[in-house]
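Chain letters run A, B, ... following the sequence lines, proteins first, then strands; residues in each count from 1. Atoms considered below: every heavy atom in the structure, side chains included; atoms not considered: hydrogens, waters and symmetry mates. Since this is a predicted model, take the numbers as computed values, not measurements.
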Amino acid sequence: MATIDQYETGSTHFLLGNEAIARGALESGVNFVTGYPGTPSSEIVATLAQVAAEGRLHVEWSTNELAAVEGAGAAATAGLRSLSAMKNAGLSVALDFLTHFAYTGLGNRDGAMVTVVCDDPHGHSSGDETDSRWLARFASTPMLEPLTCQQALDLVKYAFDLSERHGQLIFYRGYTRLCHSSSPVTMGRTRRKQNQLYSDTSISLNPYLAITKHTALSEKLDKIRREFEACPFNSYEGPEKPDLIIVCSGAGYLCAHEAAELLGLQDLIGFVKLVTLWPFPSKFVRKHLKKAGKVLVVEEVDSFVESLVKESILDGGMSGIKIYGQGSGHLPLVGEIAPDPVARALADITGIPYESFSQDYRDIIEKDLNPLIINRGLTWCAGCPHRASFWALDKAVKADGRDAYVTGEIGCSTLDVFPEGKEQIKLLHSMGSGTGSAAGLGQLEPFKYLQPVIAVCGDSSFFHSSVPRLINAVYNNSKMLQIILDNSATAMTGFQAHPGTGKNALGDEAPRMDIAEICRSLGCQVTVADPFEIKASVRTIRNLLKREGVQVLIMHRSCEIVRMKAEKTHPFDIEIDELACKGEECAICSSSFRCPAIFQNPVTGKAGLKHELCAGCGVCADICPFKAIIKKKDVRR
Amino acid sequence: MIRPDPFNLIVSGIGGQGNILLSRIVGRLMFKAGYYVNIGETFGAAQRGGSVFSAVRISKKRIYGPIVPDGHANAIISLEALEALRVLSRYGNPKVAAVVNTEPIYPVAVLSRRAEYPGEDDIRRAVSKASGRAFFFNATRMALDLGAPIVVNIVMLGGLVGVGLLPLEASLVEEEIKTSVPGSKTELNLTAFRKGISAVAV
């Protein structure tokens with residue numbers, strides 16, 4: 001398959017939104033790319049890593065988002081074009097630098113920097129659906145947001161151009177329904193120019209003299225706002241005298257367009273399509289609001305644009321305009337936008353009826369379909385070492401008998417909290433937060449807090465942000481057990497490299513950081529265990545829970561998907577001895593261990609194996625109390 | 001020509017079954033045939049045993065959004081039996097065509113005996129009642145017979161092409177398969193595709 005840099009100018013290819021953003025970066029002559037994996041943003045850096053070229057395009061998986069933007073920001077101050085990509089949660093991590101970076105600007109006439117932040121409305125693959133558009137206003141940083149995959153490509157070029165001309169960082173917002181949509185995209189010309197690099201030692205880029213710099217920044221933002229008022233990416237589509245104006249942005253545009261069509265209103269509605277979100281082009285919006293007395297604002301998650309439309313109306317002294325949207329109760333306050341809620345809103349505003357289903361079909365859904373549907377919660381893959389680790393943790397905590405409290409964080413280990421996991425983790429928020437939370441709880445003994453405290457983190461998270469928290473724990477004499485589930489991959493987001501894998505974003509050899517050595521150097525006592533050695537792991541955890549200080553247990557075993565890709569063979573061929581199996585009486589393997597490859601066979605009344613799902617790890621054989629699961633050397637391949 | 005326009009195909013299944021490849025093959029072919037195509041996908045955490053689906057939106061008029069309006073699917077390919085019900089309950093209508101792999105993949109709620117997986121007859125009855133045309137076959141069994149459970153998606157692609165809902169010519173699909181899978185797997189995938197076509201032949 002061709003890589004995106006090889007597509008010819010003018011040719012049209014089927015691209016994922018994130019690939020379109022990556023191509024847009026190449027057409028902008030991007031030289032320096034950084035980021036940390038996070039759905040739905042990960043494919044941007046991953047795609048660019050495939051085309052990285054020494055001396056022309058540097059691509060890295062950074063340790064975390066803060067390191068990513070600091071590196072990219074510095075590269076821009078030296079005259080390069082840099083891009084960072086991350087999910088919404090990552091932008092929060094990066095913000096400390098970015099708020100100050102807005103005050104200093106890039107300080108270089110040639111440099112340019114774009115930070116792509118991808119939101120996940122509905123939290124399809126996230127713990128929250130936080131709307132990062134507010135952070136543009138918070139960080140005094142202009143923000144752009146495309147409506148379609150084609151525009152996703154074109155807009156990156158404008159973002160770099162804007163950044164270079166104004167010497168400011170630009171936020172570019174993606175969202176799940178753009179990042180993970182594929183549609184035909186026509187290529188422009190890739191730019192191979194590289195600026196002469198130079199760090200100007202005659203100026204100092206620092207935010208001090210905040211008032212002076214904030215004043216200059218405000219003036220610059222006002223200049224950018226004036227540019228946005230006439231920006232061709234903002235457009236109006238529809239009749240000169242529409243019955244209703246829909247102000248839409250992001251995923252809202254295609255949904256609103258379709259909703260209008262579903263009600264047969266497409267020729268009566270005017271669409272104000274907003275691409276420059278901040279600073280808000282108030283005059284442009286007001287000009288079009290005048291066309292109709294009724295306005296519906298369609299966006300997703302928060303009412304960011306709606307608030308700004310209302311602000312614009314007030315500022316412009318306009319009256320007699322009725323605003324519909326989240327505020328009026330016509331559109332949902334939470335979740336992603338879809339055609340249906342917009343269609344219902346339009347139906348209510350215009351009085352034209354709209355029903356998604358006939359009453360007859362609604363009856364079929366309720367009586368015939370819904371009673372059979374079972375929720376399919378997330379779980380670890382068959383063969384995942386985390387299932388074994390949490391099994392051992394559960395056993396050890398029960399045997400310890402002091403109601404140990406387990407904190408966790410983001411990544412595949414998170415899957416524990418779902419009913420399909422082992423439900424050990426009881427406190428979980430953000431990357432690395434399990435360690436920080438446990439460090440706090442581990443200092444509560446003087447307050448008569450007597451439960452042992454256990455933090456669980458993954459290996460990529462360890463590097464991302466657990467380390468400073470571990471330092472805090474040791475420094476402040478906390479008593480806790482830190483379990484690091486080291487599966488040698490950033491597995492949840494697609495197995496990206498991290499400092500512990502010995503590889504970089506390009507797949508080349510890189511210095512390998514040793515987790516155990518790092519922990520030892522901090523003053524932690526370190527133990528290493530193999531999660532597949534269940535009995536030994538249980539014993540180890542029980543022993544460590546009795547010790548003082550900050551104990552670290554590294555449970556090391558490769559992610560099954562990564563292992564399988566490399567080794568292409570299962571360790572064992574699993575068989576069930578139906579004579580020995582106690583079936584429903586026991587069912588530990590299916591109902592408690594919950595490996596997706598084992599089920600209770602209603603025909604035999606015994607455990608059954610789904611061979612096509614089984615990874616042959618053999619852990620089920622070790623936990624079966626009746627030795628009814630047998631592991632044989634796999635000879636199939 | 002496609003009818004209706006836009007034509008909404010939903011490909012559902014479980015993470016890891018290859019529904020994204022399937023939908024992209026269809027999407028690329030329809031795009032090459034001169035249609036606007038937009039595919040909305042769910043992946044990420046959903047890979048871990050969760051329900052996944054792709055919506056392939058095909059039109060001669062313009063690009064449609066990645067989300068199909070409720071009740072507006074025109075065809076459903078489900079790589080897993082229960083998932084067909086889930087998709088129908090949101091996107092179904094009396095005219096929709098459904099091509100369903102009858103092999104279950106049990107949700108963990110079933111493994112842990114908090115829920116019971118419906119019987120195959122119940123699933124067939126419900127899908128048939130909630131669709132205009134329904135086709136059932138065990139694509140997983142066919143893939144296992146080929147020694148490669150991974151090609152279940154290509155067997156199902158054969159089912160879609162065999163049903164003839166979209167103007168997809170088998171020879172062009174085979175060309176697209178060849179460019180989408182590693183060379184060593186070409187024959188295996190082509191065999192799987194042809195098995196799928198014959199599975200729905202009457």
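The candidate from B:E116, B:R125, B:R114 with the greatest count of non-hydrogen atom pairs under 4.5 Å with chain A is B:R114. Heavy-atom pairs under 4.5 Å with chain B were tallied for A:I374, A:L613, A:I373; the largest tally goes to A:I374. Heavy-atom pairs under 4.5 Å with chain A peak, among B:A130, B:A84, B:A148, at B:A130. When each of B:A126, B:P66, B:P149, B:A55 is checked for heavy-atom pairs under 4.5 Å with chain A, B:P66 comes out on top. Contact tally against chain B (heavy-atom pairs below 4.5 Å) for A:P339, A:A338, A:G17, A:C589: the top residue is A:P339. If you tally non-hydrogen atom pairs under 4.5 Å between each of A:H13, A:E612, A:R594, A:R177 and chain B, the highest count goes to A:R177. Counting heavy-atom pairs under 4.5 Å between each of B:P69, B:P118, B:G65, B:S23 and chain A puts B:P69 at the top. Chain B forms the most heavy-atom pairs under 4.5 Å with one residue out of A:F357, A:F14, A:Y361, A:F599, and that residue is A:Y361. The greatest number of non-hydrogen atom pairs below 4.5 Å with chain A, out of B:A115, B:G92, B:G147, is found for B:G92. Most heavy-atom pairs under 4.5 Å with chain B: of the set A:C595, A:P596, A:C149, A:S591, this distinction falls to A:S591. Of the listed residues (A:C384, A:S183, A:P419, A:A259), the one with the most heavy-atom contacts under 4.5 Å to chain B is A:S183.
When only modelled atom types and interatomic distance are considered, B:E83 and B:S51 share a side-chain donor-acceptor pair under 3.5 Å. For the residue pair A:Y253/A:E237, the side-chain donor-acceptor check at 3.5 Å is satisfied. Side chains of A:D120 and A:S126: a donor-acceptor N/O pair is present below 3.5 angstrom, by distance only.
Interface remark: B:Q17 contributes no atoms to any contact with chain A (heavy atom separation under 4.5 Å). Both the backbone and the side chain of A:T12 come within less than 4.5 Å of a heavy atom of chain B. Contacts between B:I105 and chain A at a heavy-atom distance below 4.5 Å involve backbone atoms as well as side-chain atoms. For B:F31, the part sitting under 4.5 Å from any heavy atom of chain A is the side chain, from C-beta outward, and nothing else. For A:E355, no part lies under 4.5 angstrom from a heavy atom of chain B. If you measure heavy-atom distances from B:L88 to chain A, the contacts under 4.5 Å come from both the backbone and the side chain. In this structure, chain B has heavy atoms under 4.5 Å from both the backbone and the side chain of A:N375. When heavy atoms are compared at a cutoff of 4.5 Å, B:V110 approaches chain A solely by way of its side chain, counted from C-beta outward. Only the side chain of A:L262 comes within contact range of chain B, judged by heavy atoms closer than 4.5 Å.
Separating the CD1 atom in B:I77 from the CE atom in B:M156 is a distance of 6.5 Å, to the nearest 0.5 Å. Between the CZ atom in B:R62 and the OG1 atom in A:T148 there is a gap of 11.5 Å [rounded to 0.5 Å].
A salt bridge is absent between B:K32 and B:E175; no separation between the charged side-chain nitrogens and carboxylate oxygens falls under 4.0 Å. A:K422 and A:D416 are not joined by a salt bridge, as no carboxylate oxygen comes within less than 4.0 angstrom of a charged side-chain nitrogen. The residues A:E366 and A:R362 are annotated as not salt-bridged, no charged nitrogen and carboxylate oxygen being separated by less than 4.0 angstrom.
Looking at residues two or more places apart in sequence or on another chain, you find no ring-ring contact (aromatic ring centres under 6.0 Å, His included) involving B:Y64.
Scanning both residues, B:H72 and B:N8, for their nearest heavy atoms gives O-ND2, 2.8 Å.
The cationic atom of B:K60 (NZ for Lys, CZ for Arg) lies less than 6.0 Å from the six-membered ring centre of B:Y35 and within 45° of the ring axis.
Remark: the backbone N or O of B:I154 is not paired with any side-chain donor or acceptor of B:N189 at under 3.5 angstrom.
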